[in-house]
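No hydrogens, no waters, no symmetry mates; every other heavy atom, side chains included, goes into these values. Quick note on labels: first sequence line is chain A, next is B, and so on, each numbered from 1. Everything quoted here is computed from the prediction, not taken from an experiment.
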2 protein chains.
Amino acid sequence: MKNFHSQFDFESELLFDALTPDEQKLVFNAMEPLSIKKGSLLFYEEGIPTGIFQIKKGKAKKFKRGFSGTEQIFYIYTPGDVLGYHALFGEERYQDSCEALEDLEVNFIAKDVFFKLLQDIPALQQTFIKNIGHEFGVLANIIAVLAQKNLNARLAINLLILENRFQKQDKKSGIDLTREDLANIIGTSSESLGRSLKQFKDEGIIEIEKRVIYLKNREQLLQLLKN
Amino acid sequence: MKNFHSQFDFESELLFDALTPDEQKLVFNAMEPLSIKKGSLLFYEEGIPTGIFQIKKGKAKKFKRGFSGTEQIFYIYTPGDVLGYHALFGEERYQDSCEALEDLEVNFIAKDVFFKLLQDIPALQQTFIKNIGHEFGVLANIIAVLAQKNLNARLAINLLILENRFQKQDKKSGIDLTREDLANIIGTSSESLGRSLKQFKDEGIIEIEKRVIYLKNREQLLQLLKN
DNA sequence: ATAAATATATAACATATGTTAAGTTTTTTA
DNA sequence: TAAAAAACTTAACATATGTTATATATTTAT
């Protein structure tokens, strides 16, 4: 198996890593700090692109609504992640919405400033487009999981993915999401999600405090992937 | 509802439409005709990109394998479609595989020739990247359907999508796919798919001859989307 | 053209998931 | 801080989907 997490992570926090120190300075100087309240949108489907964001603090969900209006979450962003650039290349509208799950601190680069950066740093555009290609593969993997795995396996996979992603910010932190949001990632109702969580809890695979989920037995979760 | 089909179609057959006649001539001159046998691969996951393809005749499936090795099909290409360009921008490996479902006739543009075209036709790169953005939205919509819809609704949606896509080539043609492939699009077993097909048949929504599916009542299929 | 292999159709049964409902805990608001 | 609202947990029941099995049709190879 190829690295498990790279199959499901956008890895946008690496976008600026390949730059020289001077180039990085150019990028960081272009950033303007912004505070965004829990529940408000960084951008929304069909909206006109304004620029790109890098999350400094907090979490955000990227989602799209199906015909029935139900929210389908397909990514949770955490600190370090860069987002909002798809729509800038190609001059189109946003394809999805992004909402702050808690109060956020972000660095914002306005559209025009970003285009200037692309001119000044030759390698940058290719890095971004390469990452869009990688993200495309991530979505294809998410499709495979949703189409092929039963509820417990989908939950297991997503618990592993989310713990890993959340730990980057905060060592040994648990998974703190509303049951509604977690259900909207996994593709089920919050009640069915609750049943699976209880099973996992009874088997000692996870522990729950308040609503925060802590993984206790990652081996057993990995076993579940085989279903 | 935004145009139903644009939510699920890559629309790559429109990529060269915006070009001037002269530019189009440049593109068409760069193409080299190729025959590909049923069952062989145009490209495969982790392979090194060689160029792009436009399908002249036949159908191809784009898929990815999950951990369990099960094939997840996330797109069926038909004549006019252009494919294989994601990996060329950004210099990466293919993220997925593409297999001929029948004997294909394609036009091929080799990597170097394609890059030359991008230099000679300024608008072309943006058009391609814009389309990758659109395709990203299509995958997100597919995720929403797989996560939120029950089997009959998923089948209904995909029958409407596939009929529309296949009709472009051949007026009033039916949907001719193996049950296995159709099940691997919809995210179920071929037996469960068979049960749903029988239900639809009994209700007069579809007719089946040999294995080819003909839609008889599109209204009723649209009703099913609400589930 | 025939036999063998593969794909399809269908049914019966087992299991997983959706749904409704009620009680409990946690968070938000006044 | 108390009251109200929202989120969570759990259970029982209904339904949808997975699975196994068998018969039939279609395609492929000889």
Side-chain angles (χ1 to χ4, degrees), chain A residues 37-40 61 66 68 70-73 101-103 145-158 174-203 206-214 224 226-227, chain B residues 37-39 61 66 68 70-73 101-103 145-158 174-203 205-214 224 226-227:
Chain A
K37 279 281 165 211
K38 173 174 175 173
S40 55
K61 64 177 172 184
S68 338
T70 322
E71 187 174 288
Q72 179 61 37
I73 299 174
L101 290 176
E102 31 195 281
D103 288 352
V145 168
L146 287 168
Q148 297 175 356
K149 300 296 178 182
N150 65 23
L151 180 49
N152 280 0
R154 297 202 301 276
L155 176 57
I157 291 172
N158 279 285
I175 296 161
D176 183 8
L177 288 172
T178 70
R179 294 295 172 261
E180 190 71 22
D181 280 342
L182 191 48
N184 286 343
I185 293 169
I186 286 172
T188 190
S189 63
S190 66
E191 296 91 338
S192 290
L193 168 62
R195 171 169 40 207
S196 289
L197 284 173
K198 181 168 159 48
Q199 276 176 41
F200 285 12
K201 212 167 42 177
D202 291 347
E203 295 173 38
I206 61 171
E207 275 177 16
I208 298 180
E209 282 173 38
K210 303 262 176 145
R211 73 172 180 199
V212 186
I213 302 166
Y214 299 90
L224 278 167
K226 291 175 183 160
N227 297 334
Chain B
K37 279 281 167 211
K38 174 176 176 174
K61 63 177 172 184
S68 338
T70 323
E71 187 174 286
Q72 179 59 37
I73 300 173
L101 290 175
E102 32 196 280
D103 288 352
V145 168
L146 287 169
Q148 297 175 356
K149 300 294 178 182
N150 65 22
L151 179 48
N152 280 0
R154 298 202 301 276
L155 176 56
I157 290 172
N158 279 284
I175 296 161
D176 183 10
L177 288 172
T178 70
R179 293 296 172 260
E180 190 72 23
D181 280 341
L182 191 48
N184 286 344
I185 293 170
I186 286 172
T188 191
S189 63
S190 65
E191 296 90 338
S192 291
L193 168 63
R195 170 169 40 207
S196 289
L197 284 173
K198 182 168 158 48
Q199 277 176 39
F200 285 11
K201 213 168 41 179
D202 291 347
E203 296 172 38
I205 301 177
I206 60 172
E207 274 177 16
I208 298 180
E209 280 172 40
K210 301 264 176 145
R211 72 171 180 200
V212 186
I213 302 166
Y214 298 90
L224 277 167
K226 291 175 183 159
N227 298 332

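- Summary of helix geometry: the two end axes of the helix from C:dA1-D:dT30 to C:dA30-D:dT1, each defined by five base pairs via their C1' atoms, are inclined to each other by 60° (rounded to 10°).
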N/O to N/O distances under 3.5 Å, protein versus nucleotides 24-30 of chain C:
none

Please list each protein N or O that sits under 3.5 Å from an N or O in nucleotides 4-7 of chain C, with the distance.
none

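- A:Lys37 pairs by the side chain to side chain contact (heavy atoms under 4.5 Å, CB included) definition with A:Ser40, A:Asp103, not counting sequence neighbours.
- Qualifying side chain to side chain contact (heavy atoms under 4.5 Å, CB included) partners for A:Lys201, counting only residues two or more places apart in sequence or in other chains: A:Ile206, A:Ile208.
- Non-hydrogen atoms lying under 4.0 Å from DNA chain D are contributed by B:Thr188, B:Ser189, B:Glu191, all within residues 183-191 of chain B.
- For B:Ser192, the side chain to side chain contact (heavy atoms under 4.5 Å, CB included) partners two or more places apart in sequence, or in a different chain, are B:Leu151, B:Thr188, B:Ser189, B:Arg195.
- For B:Lys198, the salt bridge (charged side-chain N to carboxylate O under 4.0 Å, His left out) partners at least two apart in sequence or on another chain are B:Asp202.
- Considering only residues two or more places apart in sequence or on other chains, B:Gln148 meets the side chain to side chain contact (heavy atoms under 4.5 Å, CB included) condition with A:Thr70, A:Gln72, B:Ala144.
- The salt bridge (charged side-chain N to carboxylate O under 4.0 Å, His left out) contacts involving residues 174-189 of chain B comprise B:Lys61-B:Asp181, B:Asp176-B:Arg211, where partners must be two or more places apart or lie in separate chains.
- Legend: residues meeting side chain to side chain donor-acceptor pair (under 3.5 Å) with A:Lys226, ordered by chain and number and at least two apart, are A:Gln223.
- Residues of residues 148-158 of chain B that place a heavy atom closer than 4.0 Å to DNA chain D, in numerical order, are B:Asn150, B:Leu151.
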